[in-house]
Each structure stands twice: as structure tokens, then as C-alpha cells.
Amino acid sequence: MPVKIPAAELATAHCEICGKGAQSLTASEQAAMLKVLDGWRLESLPDTPAAFIKDFQFANFSDALNFVNELGVVAEQESHHPLLTLTWGRVTVSWWTHSIGSVHRNDAVMAAKTDAVYQQRFA
């Protein structure tokens, strides 16, 4: 049974370097991560069978754009980059590990970091 890791602990963790041989999260590990990642869902996308995805709401386009820019700084620091969809008052963030074509612990870490960016300035 996977160990339940608090979202706050995930938000302070760092991404590990992983390549094609890295292990994706098992179905039970994915389910465990979704229990601690508030509002995130697991969906398939054209490039991957599994991605952590969440929609964030904003009062206007400017706040949504600022969130994207702030999240971009965090993504660069961790060398792990999301798919971002920006529209008026909403940003959809999708995390998966391209090199393995699925979700990895790094994606849960970045989902938690994404929530932290949102909570610190936009909630």
C-alpha cells in the first residue's frame, strides 16, 4: 500500500532527474496522490495516457497571466515543465513526464507546487 504523503511535503520536495527508464506511478500510487492533491484529476491527453490536470480560476486575464508567469519560474527551477492553457480568467495546468509518457512522482511534486503558487498569491 502506498504511503500517504501530505501535499505540503510534496510542495517542498524537488524533482529528480529521470529518463526513459524511470518508473511511472502505479495505479494505486496515482490514486494515493490524487487523495492529497486537492482538486487535481487524472486524464489522458494526446501525448500521454495519464496526466495530473487542474483548472484554476481568476478574476481577470491579467491575474491568470501572472499565475502562468510565476508558475513558469518554478517550472524552470525544477527543470520540469507543464502544459498550460491560458484563457480569460482560467488556466488549466497539466503535468506528466514526457520521457516516460506517463505520470511520475515529479508530477505530483509539481502539482503541489502549482497549488502553493496559487494559494500564496491568487486564492
Side-chain angles (χ1 to χ4, degrees):
M1 174 174 237
V3 176
K4 187 173 178 180
I5 301 169
E9 186 177 319
L10 283 173
T12 59
H14 294 285
C15 290
E16 62 184 58
I17 296 173
C18 62
K20 290 186 186 287
Q23 294 296 313
S24 60
L25 294 176
T26 65
S28 62
E29 290 170 330
Q30 291 172 8
M33 290 300 182
L34 287 174
K35 286 181 182 177
V36 299
L37 294 170
D38 185 40
W40 289 85
R41 62 192 184 274
L42 198 62
E43 290 183 11
S44 63
L45 297 173
D47 294 336
T48 183
F52 290 121
I53 300 173
K54 185 173 181 179
D55 301 308
F56 294 85
Q57 302 297 321
F58 299 89
N60 53 53
F61 183 81
S62 181
D63 285 349
L65 181 59
N66 287 335
F67 172 72
V68 165
N69 288 329
E70 289 184 28
L71 184 56
V73 170
V74 176
E76 277 295 298
Q77 290 169 344
E78 294 293 332
S79 294
H80 195 46
H81 305 93
L83 170 64
L84 300 167
T85 304
L86 168 65
T87 189
W88 194 97
R90 184 173 53 124
V91 175
T92 301
V93 181
S94 304
W95 289 106
W96 78 96
T97 300
H98 303 269
S99 62
I100 62 173
S102 191
V103 290
H104 182 273
R105 183 180 181 278
N106 289 348
D107 302 301
V109 166
M110 293 307 293
K113 288 181 180 294
T114 302
D115 284 341
V117 168
Y118 182 81
Q119 290 298 321
Q120 288 170 1
R121 188 141 128 60
F122 300 99

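Keep in mind that what you see is a predicted model, and the values were worked out from it rather than measured.
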Side chains of [X] and [Y] in contact at under 4.5 Å (non-hydrogen atoms):
{"X": "M110", "Y": "V74", "answer": "yes"}
{"X": "I100", "Y": "Q23", "answer": "no"}
{"X": "V109", "Y": "H14", "answer": "no"}
{"X": "R105", "Y": "E29", "answer": "no"}

Please name the pair of heavy atoms, one in [X] and one in [Y], separated by the smallest distance, quoted to 0.1 Å.
{"X": "A50", "Y": "L42", "value": "CB-CD1, 4.1 Å"}
{"X": "S94", "Y": "L45", "value": "CB-CD1, 4.0 Å"}
{"X": "V93", "Y": "P82", "value": "CG1-CB, 4.0 Å"}
{"X": "A13", "Y": "E78", "value": "O-OE2, 4.3 Å"}
{"X": "L10", "Y": "A112", "value": "CB-CB, 3.6 Å"}
{"X": "M33", "Y": "A108", "value": "SD-CB, 3.7 Å"}

Self-check item: same_hphob_cluster(W88, L86) at 4.5 Å side-chain heavy-atom cutoff
Solution: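 Result: yes, single cluster for both.
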Please tabulate, for side-chain N and O atoms in residues 52-68, each donor-acceptor pair with protein atoms closer than 3.5 Å (sequence neighbours left out).
from	atom 1	to	atom 2	distance (Å)
K54	NZ	D38	O	2.7
K54	NZ	D115	OD1	2.9
D55	OD1	T92	OG1	2.5
D55	OD2	R41	NH1	3.4
D55	OD2	R41	NH2	3.4
N60	OD1	S62	N	3.1
N60	OD1	D63	N	2.7
N66	ND2	S62	O	3.3

Exercise. Determine whether the side chains of W95 and T114 contain a donor N or O and an acceptor N or O closer than 3.5 Å.
Key: yes
Quiz prompt | side chain to side chain contact (heavy atoms under 4.5 Å, CB included) between L71 and Y118, intermediate numbers included | solution = CA-CA 9 Å; L71 184 56; Y118 182 81; over 6 Å; no
Quiz item: Do any N or O atoms from the side chain of T48 and from the backbone of G101 form a donor-acceptor pair under 3.5 angstrom?
Solution: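 The answer is yes, because a donor-acceptor pair under 3.5 Å joins these two groups.
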Quiz item: Within the distance-only criterion (no hydrogens, no angle test), does the side chain of D107 pair as donor or acceptor with the backbone N or O of A51 below 3.5 angstrom?
Solution: no
Quiz item: To the nearest 0.5 Å, how far apart are NE2 in H80 and NZ in K113?
Solution: 11.5 Å
Exercise. Drop me the distance from C15's SG to H81's NE2, to the nearest 0.5 angstrom.
Key: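 Reported to 0.5 Å precision, the distance equals 9.5 Å.
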